[in-house]
Structures are given as structure tokens and as C-alpha cells.
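Only one structure is covered here, and it is reproduced in the block below.
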Protein chains: 2
Amino acid sequence: MEQNKLLNLILDNMKKIFFPEDWLEIDMKLSKTELFTLLIIERHGEAIMSQIANKINVSMSTATGIIDRLVKKKYLSRARSESDRRIVLIRLTKKGKQIVNDIKDSINYYLNTIFKSLNEEEVRVLSNIIVKIINALSEEKLVENKETREKSSLKKIEIE
Amino acid sequence: MEQNKLLNLILDNMKKIFFPEDWLEIDMKLSKTELFTLLIIERHGEAIMSQIANKINVSMSTATGIIDRLVKKKYLSRARSESDRRIVLIRLTKKGKQIVNDIKDSINYYLNTIFKSLNEEEVRVLSNIIVKIINALSEEKLVENKETREKSSLKKIEIE
DNA sequence: ACGAATAGTACGAATTACGTAATATCTTGC
DNA sequence: GCAAGATATTACGTAATTCGTACTATTCGT
């Protein structure tokens with residue numbers, strides 16, 4: 001498949017690929033950004049504002065707004081760091097943990113749908129492919145600052 | 001790789017995966033929605049409002065706004081259909097065609113970065129995988145109306 | 001201890017999206 | 001061949017989201 005076909009395939013199926021939440025329907029009054037933010041925070045256990053802004057690719061002031069809303073909805077709590085009182089630690093509340101679990105269940109259902117359709121060879125190769133893709137994108141000279149790669153589950157993944 | 005790891009991988013690398021436009025930097029004053037809209041229209045040669053709204057997954061009134069902006073920017077033209085005067089045909093202008101070419105060049109550069117990192121077996125399997133994934137998502141009972149699949153490059157792709 | 005750097009928030013403007021109502025044009029049944 | 005309903009789209013006001021800039025608080029470096 002040449003790249004052109006691939007692009008057309010993506011364009012024709014954009015809805016299914018990029019808007020699974022239509023049928024994932026996590027009942028929710030959560031925007032896509034808010035959803036990703038919750039997942040990111042759960043991933044880190046606890047996060048600081050600048051990490052969050054960086055990960056979801058928005059300005060600090062935008063991040064403040066997003067966190068404001070999620071705190072208002074009782075999914076998150078803010079707390080000042082003791083060691084550095086400029087820093088604000090963002091954590092999931094019980095309610096937040098619960099909705100993250102619901103979200104992850106939905107995502108897993110979505111991923112299951114995909115994995116079920118693949119045979120063993122494909123699953124095996126897919127793992128390598130995904131890692132390689134991310135590594136390839138990481139190598140792009142234009143990819144920003146070093147901190148991006150900090151703490152990541154991936155700096156440079158070794159394929160077993 | 002289990003699904004959990006996959007999800008973490010995606011979360012950790014969200015920026016690279018979902019915001020390539022940071023370094024694709026098609027100079028542009030185009031939002032992501034506008035960019036996709038232009039690609040969709042080029043894909044169809046000419047498109048009507050309801051098709052566009054459906055493809056990019058927004059309401060008709062939102063689509064009107066998006067097209068308004070792109071017409072104002074001279075990338076698109078509006079014309080009433082002769083056969084059915086309710087219908088508005090959206091077409092790319094010369095300027096529009098040009099920017100779409102620029103965008104596609106950028107996307108191809110991005111895709112090249114990915115493909116270059118894969119060996120032959122991986123490329124071969126990847127094609128099948130992508131098709132299977134899309135088919136799997138298409139089969140989901142919850143996926144909306146039949147028209148979605150009309151005119152698609154994919155109803156159900158046969159793997160050669 | 002003072003100026004520069006860092007972390008975050010406040011605030012107002014701009015952009016984008018959405019819901020509802022309105023307009024214009026077909027289509028269908030009688 | 002015309003009224004009633006269906007379809008395609010736009011208008012308009014509102015809500016949600018994002019952004020840039022200025023401001024506050026705290027820490028770091030020398």
C-alpha cells in the first residue's frame with residue numbers, strides 16, 4: 001500500500017478512527033482534552049501543571065482552565081507541594097479514579113475489537129511496528145526539548 | 001504487548017502522534033478541522049455540505065461555519081447545484097488546491113519517516129493490519145448510518 | 001539578600017462549536 | 001399540479017475552549 005492509499009484510507013474512515021467516543025460513549029460530560037488529561041494524570045499518579053500542559057500540548061494558561069474545570073467537577077484535587085511551594089500537585093479524587101477506570105474499560109473494549117481481528121503474526125509484528133513508529137517520530141530533529149522524553153515509558157524502546 | 005502497555009505508550013507519546021503539525025508546520029493559519037476539511041474535499045473532488053459535516057463529524061451548522069471561514073480565506077468556492085438547487089457544491093479554488101498539495105507533501109514526509117523505519121515484512125503486514133482494523137471498527141454494531149460507508153474507498157476491503 | 005528564573009493563575013479577547021429557528025427547494029400522494 | 005412533509009443549508013445567539021499577556025508567589029544563584 002502506498003502512502004497515498006493510506007492517506008485516503010484514513011480520510012475515508014476518519015470518523016471511526018478519530019471519533020470512537022461516539023460509540024464508546026462514556027456517558028460523560030467530558031471533552032476529549034479533559035479525557036486525555038485525566039488519563040495522563042492517572043498515568044503519572046500525580047502531576048504538576050507544567051507536565052500536564054506539556055503532555056497535552058497546550059499553554060500553561062489553557063492547562064489552568066482545563067484543570068479548573070476538572071476540579072470543579074470533582075475529578076481532581078489541587079495541592080501545593082511542600083518542598084517547592086510554587087508547584088501545584090494535581091491528583092485524582094475517588095470520583096476521578098472511578099471515571100478513569102470507566103474510560104479505560106471503554107478504551108480496552110475498543111482495543112479488543114481491534115486485536116480480536118488480528119492473527120498471531122499480525123499481533124506480534126504490530127507491537128514492533130508501533131514501537132518503531134514512535135521511535136521514528138522521536139528521532140525527528142524538529143521534535144522539541146529533551147524533557148519531553150523524561151519519565152516516559154519510552155526513551156528508546158528496545159525490541160525484545 | 002498487552003493493551004495496557006499500548007495505552008501507556010500512546011499516552012506517553014501523544015504529542016508526537018497526535019500533534020505532528022507542530023513540526024509539520026504548514027505555515028498556515030489553519031485549524032486542524034479546517035485542514036481535514038480541505039483534505040476531505042480534495043478527496044471527493046467536490047463535496048456537499050452534509051457530506052462534509054458527516055465526514056468530519058460535526059453538526060451542519062458547525063460545518064457552515066468552517067466552510068464560511070475557508071471560503072473567506074479563498075481556499076474554497078460555493079456553488080448551487082443545478083439539478084437540485086438546495087444543494088451547495090463546495091470546491092477547491094486554485095489557492096485551495098495549492099495548499100492541499102503543500103499539506104499532502106507534509107503528510108507524506110511524516111509518513112515517510114514512519115515507513116523508512118520499517119522493514120519489508122513489517123510494511124507488508126502493516127497494510128493488512130490497517131485494513132483489518134478499519135474493518136473491525138466498521139463492524140461495530142454501534143457504528144451509525146449506512147451512508148457513512150457510501151462512496152468510501154472502503155466498504156469492506158478484500159485483502160489481496 | 002537581590003535580581004533572575006520558575007510555576008502557576010487571572011483576565012479579557014479571539015476562535016470554534018453548537019442548538020434552534022428560519023429559508024429555500026424538492027418530493028410525494030392525492 | 002398542489003399542499004404537506006422532507007431535505008439541504010444558513011442565520012443567529014450562546015456556550016465552551018483556547019490563547020496571550022500581565023501578575024503573584026516562590027526559589028535559585030552568586
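Only this structure's heavy atoms are used, side chains among them; waters, hydrogens and symmetry mates stay out. We name chains A, B, ... by the order of the sequence lines, and we start the count at 1 in each one.
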So for atom [atom1], which belongs to [X], do other residues, nucleotides or ligands contribute more than 12 heavy atoms lying within a distance under 6.0 Å?
X: A:Glu121; atom1: CD; value: yes
X: A:Lys95; atom1: NZ; value: yes
X: A:Lys97; atom1: NZ; value: no

Of the listed nucleotides C:dG8, C:dA24, C:dT16, the one nearest the side chain of B:Arg86: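 The answer is C:dA24, which lies nearest to the side chain.
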Along DNA chain D (nearest heavy atom to each residue), the more 5'-positioned of A:Glu82 and A:Val58: A:Val58
Nearest-nucleotide comparison on DNA chain D, the residue closer to the 5′ end among A:Arg85 and A:Ser59: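 It is A:Ser59 whose nearest nucleotide is closer to the 5' end.
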Base, sugar-phosphate, or nothing for [X], non-hydrogen atoms under 4.0 angstrom?
X: B:Ser50; answer: sugar-phosphate
X: A:Arg80; answer: nothing
X: A:Ser81; answer: nothing
X: A:Met60; answer: base

Chain A footprint on DNA chain D, 5' to 3' - any atom under 4.0 Å from a heavy atom: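 The protein-touched segment is D:dT17 to D:dT27.
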Length of the [atom1]-[atom2] vector between [X] and [N], whole Å:
X: B:Leu35; N: C:dT16; atom1: CG; atom2: P; answer: 13 Å
X: B:Glu34; N: C:dT15; atom1: CD; atom2: P; answer: 11 Å
X: A:Asp68; N: C:dG8; atom1: CG; atom2: P; answer: 13 Å
X: B:Lys72; N: C:dT16; atom1: NZ; atom2: P; answer: 12 Å

Any donor-acceptor N/O pair, A:Ser77 side chain to A:Thr93 backbone, under 3.5 Å: no
B:Arg78 (side chain) donor-acceptor with B:Val88 (main chain) under 3.5 angstrom: no
Test side-chain hydrogen bond (donor to acceptor under 3.5 Å, both in side chains) applied to B:Ser61 and B:Thr64, step by step: CA-CA 5 Å; B:Ser61 59; B:Thr64 298; over 6 Å; no
side-chain contact (heavy atoms from CB on, under 4.5 Å) partner of B:Ile67, the single match among B:Met49, B:Glu34, B:Lys72: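 Passing option: B:Met49.
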